[in-house]
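When reading the values below, keep in mind they use all heavy atoms of this one structure, side chains included, and skip hydrogens, waters and symmetry mates. We name chains A, B, ... by the order of the sequence lines, and we start the count at 1 in each one.
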Amino acid sequence: MSVNDSTPPERGDFIREIVTADLKSGKHSGVVTRFPPEPNGYLHIGHAKSIALNFGIANEFGGRCHLRFDDTNPIKEEQEYVDSIQADIRWLGFDWGEYLYFASDYFDQLYEWALDLIRAGKAYVDDLSADEIREHRGTFTEPGRDSPWRDRPAEESLDLFERMRSGEFPDGTRVLRARIDMASPNINLRDPVLYRIAHVAHPRTGDAWCIYPMYDFAHGQSDAIEGVTHSICTLEFEDHRPLYDWLIENLPVPSRPRQIEFARLNFTYTVLSKRFLLRLVEEGHVRGWDDPRMPTIAGLRRRGFPAEGIRDLVDMVGVGKANSVVEVEMLEHAVRGVLNRTALRRFAVLRPLKLVIENFPEGQTEEMDAVNNPEDASAGTRKVPFTRELWIERDDFMEDPPKKFFRLAPGREVRLRYAYFVTCTEVVKDANGEIVELRCTYDSATRGGDSPDGRKPKATLHWISADHAIPAEARLYDHLFGRPDPGADGDLFDDLSPDSEEVLSGCLVEPTLAEVPLGETVQFERLGYFCPDLDSAPGALVFNRTLTLRDTWARVQAQSQKSG
RNA sequence: UGCGGGGUCGUCUAAUGGUAGGACGCCUGACUCUGGAUCAGGUGAUCGGGGUUCGAGUCCCUGCCCCGCAGCCA
């Protein structure tokens with residue numbers, strides 16, 4: 001495991017307490033966990049919690065964590081997902097080493113065990129249709145009824161099951177069911193289906209099988225085969241635990257794993273549902289599984305979120321059994337924490353406004369020293385060219401500023417970061433009254449950004465030399481949904497935010513920004529964190545906004561708008 | 001309605017019968033060549049009702065609310 005080689009915690013969440021107790025009591029001499037994704041979609045931030053938990057626990061206790069694909073339903077599963085899942089886990093910083101498995105690796109063994117169950121009178125082939133089985137299952141308040149085929153001789157079931165396997169029957173005509181208790185208050189124990197017929201090629205086993213085990217018949221046995229000690233899953237499987245245990249007890253499995261359930265991770269302004277995410281992709285609401293607005297690991301990566309921030313978030317929210325919705329701000333806080341420490345600072349102007357320094361010599365270029373990362377001296381400095389004509393941010397000027405606006409305004413002096421103090425002397429407008437240019441003067445005594453007389457402007461602005469600016473596109477991202485609880489009173493699609501992506505062309509960035517490698521996130525000073533997008537190319541730069549900086553001014557504005 | 005879970009600041013979480021703590025958010029202030037970062041302070045919670053106990057978020061009884069389960073999905 002590559003992340004955090006640490007010692008077992010004194011006291012952790014309830015799962016780590018169980019593991020600690022099992023080790024102390026001698027029930028287990030080592031820890032084996034597993035992360036068991038179904039390859040029917042991309043991994044999302046919710047999976048990150050399970051991944052960090054399983055790999056984290058194995059790591060802390062000196063055990064191992066298997067990656068096992070739960071590929072028992074070829075109708076929904078694809079190789080593309082097998083590949084993306086592995087890439088995403090690695091990117092998150094975890095490593096399963098040699099322990100890569102597939103539930104389909106165990107199809108032969110599972111089939112043998114099914115035969116054992118039939119011989120022991122604990123399973124039978126049922127000829128009922130899916131509808132009939134549903135009818136016989138009963139309801140929450142009424143017990144189920146036995147299938148007429150429940151008591152057929154084991155030899156007959158054996159024969160039928162073998163013929164199911166050999167492809168003799170069409171899909172849906174027969175199933176193998178466990179014989180447990182049709183009157184059980186736990187519906188999962190009312191003779192659950194163990195095998196179904198599906199004449200579908202499997203991504204790994206091809207045409208070898210036309211019957212496939214259900215989740216319940218595959219999962220626990222796979223755990224047992226691999227020697228998994230603690231099988232950690234989410235709350236909705238709590239009802240399945242009695243069945244999990246029943247199968248372990250009634251089959252000659254080589255070990256006895258224990259299932260432990262925890263509450264999955266959810267966020268405000270977010271939906272983590274594979275089938276919904278699939279629809280977003282298929283219906284073209286987003287740019288793909290890795291759209292920067294998607295809560296998928298691939299999306300967060302493309303958005304510029306560092307893996308470390310995601311791991312930090314998981315540590316922050318903890319592990320429990322109470323359903324919870326974490327405010328997405330906590331994720332953003334974790335990400336900003338990492339980025340603030342690591343991201344290089346750069347200048348970029350998203351909405352340019354021309355600024356001309358009338359008393360600065362034409363044709364002259366000065367090289368200004370700019371700090372790459374004030375949080376990390378080892379990141380060094382760089383030179384940024386300064387000339388008579390500059391671009392500044394439109395938002396940094398107001399002709400008629402309100403009281404709390406500290407930036408540039410007519411007659412006001414501000415600092416151009418790492419350069420000079422400038423004072424606005426004139427506002428140039430076009431025929432429509434639109435501001436097209438600012439005329440300024442500069443104080444040559446303030447070179448580098450400090451005044452010998454101790455003057456302190458209230459604002460410091462970023463800027464780009466017009467002679468050196470490089471054009472770029474910026475894609476500004478915001479929450480995919482316009483409300484914290486999408487779908488709470490209606491269709492999820494109605495809550496999709498029209499402002500989740502804003503594309504800005506005509507942005508101008510400093511020369512060094514032409515060379516940011518894919519996968520690196522930098523800070524555009526005073527604006528936010530940005531990273532080059534997949535679509536970026538030399539001469540056609542595209543940057544994704546990862547997150548804005550915390551913006552006190554925006555808050556002040558919002559407040560005055562509300563009160564005023 | 002049967003079964004299985006769960007209810008602690010706005011949100012997430014800790015306290016394992018002994019001062020209800022932390023994180024995020026929010027609000028103040030300090031500092032600042034990013035209205036960033038950082039630092040300091042503040043706001044703010046045990047679902048209700050009974051009981052046991054010197055002492056209850058924790059144990060007991062009772063009520064209420066929330067989530068999951070009736071796929072040949074996982």
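Look at CD on A:E510: it is 14 Å from C1' on B:U34, rounded to the nearest Å. Computed from coordinates, the A:F237 CZ to B:C73 P distance equals 14 Å when rounded to whole Å. Rounded to a whole Å, the CD atom of A:E375 is 10 Å from the P atom of B:C39. A:Y195 places its OH atom 14 Å from the C1' atom of B:C72, with the value rounded to the nearest Å. Atoms CE (A:M214) and P (B:A70) sit 11 Å apart, rounded to a whole Å. Whole-Å rounding puts the A:L243 CG to B:G4 P distance at 16 Å. For the pair A:N323 CG and B:U11 P, the interatomic distance rounds to 14 Å; values are reported in whole Å. The distance between atom CH2 of A:W149 and atom C1' of B:C72, rounded to the nearest whole Å, is 18 Å.
At the heavy-atom level, A:R407 lies under 4.0 Å from base atoms of the strands shown. At the heavy-atom level, A:Q523 lies under 4.0 Å from base atoms of the strands shown. Contacts of A:H219 with the nucleic acid, taken as non-hydrogen atoms under 4.0 Å apart, are absent. In this structure, A:P374 reaches the bases: a heavy-atom distance under 4.0 Å links it to at least one base atom across the strands shown. Using a 4.0 Å heavy-atom cutoff across all strands shown, A:E525 reaches at least one base atom of the nucleic acid. Using a 4.0 Å heavy-atom criterion, one finds that A:R137 contacts the sugar-phosphate atoms exclusively.
Contact between the side-chain N/O atoms of A:H462 and the OP1/OP2 oxygens of B:U34 is not found at any separation under 4.0 Å.
Closest to the side chain of A:V317, out of B:G36, B:C73, B:C12, is B:C12. If you check B:A74, B:G10, B:U16 against the side chain of A:E327, the one that comes closest is B:G10. Among B:C24, B:G6, B:A74, the nucleotide with an atom closest to any side-chain atom of A:A322 is B:G6. Among the nucleotides B:C3, B:G36, B:C27, the one closest to the side chain of A:N186 is B:C3. Comparing B:G35, B:A23, B:G36 against the side chain of A:R550 picks out B:G36 as the nearest. Nearest nucleotide to the side chain of A:Q559, out of B:G36, B:U34, B:C27: B:C27. Among the nucleotides B:A74, B:A15, B:A23, the one closest to the side chain of A:Y215 is B:A74. Each of B:A15, B:A70, B:G25 was ranked by its minimum atom distance to the side chain of A:R134; first place goes to B:A70. Among the nucleotides B:C69, B:G5, B:U34, the one closest to any side-chain atom of A:R417 is B:U34. Here the nucleotide nearest the side chain of A:T141, chosen from B:U1, B:C72, B:U34, is B:U1.
Residue A:W463 forms a ring pair (Phe, Tyr, Trp, His ring centres under 6.0 Å) with just one option from A:W391, A:F397, A:Y418, A:F347, and that option is A:F347.
Counting atom types as modelled, A:E329 pairs no side-chain N or O with a base atom of B:U11 as donor and acceptor under 3.5 Å.
For an aromatic pair to be called close, the ring centres must be under 6.0 Å apart, and A:H219 with A:F237 fails this. A:Y420 and A:Y442 have their aromatic ring centers within a separation under 6.0 angstrom.
Pairing for B:U38 is with B:A30, a Watson-Crick or G-U wobble pair whose two hydrogen-bonding atom distances lie under 3.5 Å. B:A45 is unpaired under the Watson-Crick or G-U wobble criterion, no partner having all donor-acceptor distances under 3.5 Å. Using N1 to N3 plus N6-O4 or O6-N4 for Watson-Crick, or N1-O2 and O6-N3 for G-U wobble, each under 3.5 Å, B:G2 pairs with B:C69. The partner of B:U16 is absent, by the rule that a Watson-Crick or G-U pair needs both atom distances under 3.5 Å.
Here the side chain of A:Y195 pairs a donor or acceptor atom with the backbone of A:Y111 at under 3.5 angstrom. Here the side chain of A:N54 pairs no donor or acceptor atom with the backbone of A:T33 at under 3.5 angstrom. In this structure a side-chain-to-backbone donor-acceptor pair under 3.5 Å is missing from A:N323 to A:A263.
Nearer to the 5' terminus of RNA chain B, by closest-nucleotide assignment, is the contact made by A:S324 (compared with the other of A:S324 and A:D551). Heavy-atom nearest nucleotides on RNA chain B were determined for A:N40 and for A:P185, and the one closer to the 5' end corresponds to A:P185.
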Walk me through whether A:W113 and A:Q221 qualify under side chain to side chain contact (heavy atoms under 4.5 Å, CB included). CA-CA 9 Å; A:W113 280 337; A:Q221 283 73 269; 3.6 Å; yes
